[in-house]
> 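This is the structure, below, for whatever I ask next.
In listed order, ligands and their atoms are each counted from 1. Bear in mind the structure is a predicted one, so any value in this text is a computation, not a measurement.
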Amino acid sequence: MKLQVAMDVLTVDEALALAAQVAEHVDIIELGTPLVKNAGLSAVTAIKEAHPGKVVFADLKTMDAGELEAELAFKAGADLVSVLGSADDSTIAGAVKAARAHNKGVVVDLIGVQDKVTRAQEARQLGAKYVEFHAGLDEQAKPGYDLSVLLTAGELARVPFSVAGGVNASTIAAVQRSGADVAVAGGSIYGAADPAAAARELRAAII
Ligand SMILES: O=C(CO)[C@H](O)[C@H](O)COP(=O)(O)O
């Protein structure tokens, strides 16, 4: 299982500083949606130039104009972009078309999708590299939030998948047991007193 850091910070300087601390412990460096919205796609270029050997994920959460938005991010240096599973099939297909032109990939994010298993399978048919079983920050903040619901859905879908939704040192073993291909960790790394140590601990928990 690969480890992805989600950098939900707001500036390029913060992102570069965080990536410098944690890159050696992760496989995929994600520029979070707030970072891309605040700093623009130049942030993607800055991270890719600083870490050319890492897979750089631009968390665009595209909902429309899939080909155009993906094309812009790939040209900026992204290796992977996210498109929302709730988008029209044509939006996902458009992003996949751009990905194929650049030899890159599309991750379909199932945040907010009710029937995640069915949509995961449809997204793979549309050409997604993998799907993300994801509970966002707002959903995580609701009482009774339970990551295991995502893990069960991921297991059932029988497609390549990542898991995001408050993954931390206590839950990463369960994420791996679910068969996930990628564990995404945001707050448990960037919110730690020592992000490098937090990333190292997560990496060490992966067997
Ligand atoms: O995409 C996101 C929110 O929409 C986050 O980056 C993702 O949920 C991972 O962060 P965390 O581990 O803090 O949940």
Side-chain angles (χ1 to χ4, degrees), residues 1-11 14-15 18-19 21-23 25-39 43-44 47 54-63 69 73 78-87 95 105-113 116 119-120 123 128 130-151 153-154 161-176 178 180-203 205-206:
M1 184 172 73
K2 291 183 174 158
L3 179 61
Q4 174 172 328
V5 60
M7 300 196 299
D8 287 323
V9 296
L10 292 180
T11 67
E14 287 174 284
L18 178 59
Q21 290 178 78
V22 305
H25 307 298
V26 305
D27 305 289
I28 303 171
I29 301 177
E30 173 193 329
L31 291 94
T33 316
L35 173 60
V36 175
K37 287 189 175 176
N38 193 49
V44 174
I47 292 295
K54 294 291 170 182
V55 173
V56 171
F57 180 127
D59 191 16
L60 303 182
K61 292 191 175 75
T62 291
M63 188 63 184
E69 289 201 3
D79 300 297
L80 296 170
V81 299
S82 63
V83 178
L84 292 178
S86 51
V106 170
V107 178
V108 169
D109 183 338
L110 300 171
I111 188 170
V113 171
K116 288 183 169 54
R119 195 60 179 146
Y130 58 91
V131 298
E132 181 170 311
F133 283 81
H134 185 191
L137 304 175
D138 295 340
E139 187 178 343
Q140 291 175 45
K142 287 184 184 174
Y145 169 67
D146 183 359
L147 177 70
S148 67
V149 175
L150 286 182
L151 304 185
F161 69 101
S162 62
V163 174
V167 173
N168 57 39
S170 308
T171 56
I172 195 163
V175 174
Q176 187 167 29
S178 77
D181 299 276
V182 181
V184 182
S188 64
I189 294 179
Y190 67 74
D194 182 345
R200 192 184 312 114
E201 186 183 5
L202 288 167
R203 162 66 76 200
I206 297 172

> Can you find a pair of side-chain heavy atoms, one from V184 and one from I28, that are under 4.5 Å apart?
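Side-chain contact under 4.5 Å: no.
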> Give the residue and atom name of whichever protein heavy atom lies nearest to atom 9 (C) of ligand 1, and the separation in Å to one decimal.
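The closest heavy atom on the protein side is A6 CB, 3.9 Å.
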> Are any of the heavy atoms in G166 under 4.0 Å away from ligand 1?
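Yes, G166 has heavy atoms under 4.0 Å from ligand 1.
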> For ligand 1 and G186, I'd like to know whether there is a polar contact (N/O to N/O, distance under 3.5 Å).
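Yes, G186 has an N/O under 3.5 Å of an N/O on ligand 1.
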> For atom 13 (O) of ligand 1, what is the nearest protein heavy atom, given as residue, atom name and distance?
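Protein heavy atom at minimum distance: G187 N, 2.9 Å.
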> Any carboxylate oxygen within less than 4.0 angstrom of a Lys/Arg side-chain nitrogen, looking at R200 and D194?
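No.
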> Can you tell me which residue among V167, T171, L202 is in a side chain to side chain contact (heavy atoms under 4.5 Å, CB included) with S188?
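Exactly one candidate clears the test, L202.
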> Looking only at protein heavy atoms, which one is nearest to atom 4 (O) of ligand 1, and what is the separation?
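Atom 4 (O) of ligand 1 sits closest to the protein heavy atom K61 NZ, 3.0 Å.
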> Return the closest protein heavy atom for atom 7 (C) of ligand 1 as residue, atom name and distance.
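It is H134 NE2, 3.5 Å.
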> Would you compute the distance between atom CG of D181 and atom CD of Q4 and round it to the nearest 0.5 angstrom?
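D181 atom CG to Q4 atom CD measures 12.0 Å (nearest 0.5 Å).
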> Under a 4.0 angstrom heavy-atom cut-off, which atoms of ligand 1 come close to Q140?
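Those qualifying, in numeric order: 8 (O), 14 (O).
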> Using a strict cut-off of 4.0 Å, indicate which atoms of ligand 1 neighbour a heavy atom of E30.
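Matching atoms, with element in brackets: 6 (O).
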> Is the shortest heavy-atom distance from the side chain of F57 to the side chain of I29 under 4.5 Å?
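Not touching, per the 4.5 Å side-chain cut-off.
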> Assert yes or no for the condition that the ring centre distance of Y130 to F161 is strictly below 6.0 Å.
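Between F161 and Y130, which both carry aromatic rings, the centre distance is not below 6.0 Å.
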> Taking distance alone, with no angle check, do D59 and ligand 1 share an N/O pair under 3.5 Å?
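Between D59 and ligand 1 (N or O atoms, distance only) the closest approach is under 3.5 Å.
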> With salt bridge (charged side-chain N to carboxylate O under 4.0 Å, His left out) as the test, would you mind laying out the steps for D109 and K116 before giving the verdict?
CA-CA 10 Å; D109 183 338; K116 288 183 169 54; over 6 Å; no
> Between N168 and ligand 1, which part of the residue brings a heavy atom under 4.0 Å of the ligand: side chain, backbone, both or neither?
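Looking at N168 and ligand 1, no heavy atom falls under 4.0 Å.
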> What protein heavy atom sits nearest atom 6 (O) of ligand 1, and how far away is it?
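Heavy-atom neighbour on the protein nearest atom 6 (O) of ligand 1: D8 OD2, 2.7 Å.
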> Check contact between L137 and ligand 1, using heavy atoms of the residue and a distance below 4.0 angstrom.
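Heavy atoms of L137 do come under 4.0 Å of ligand 1.
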> Compare all side-chain heavy atoms of L31 with those of I47 and state whether any distance is below 4.5 angstrom.
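L31 reaches I47 side chain to side chain.
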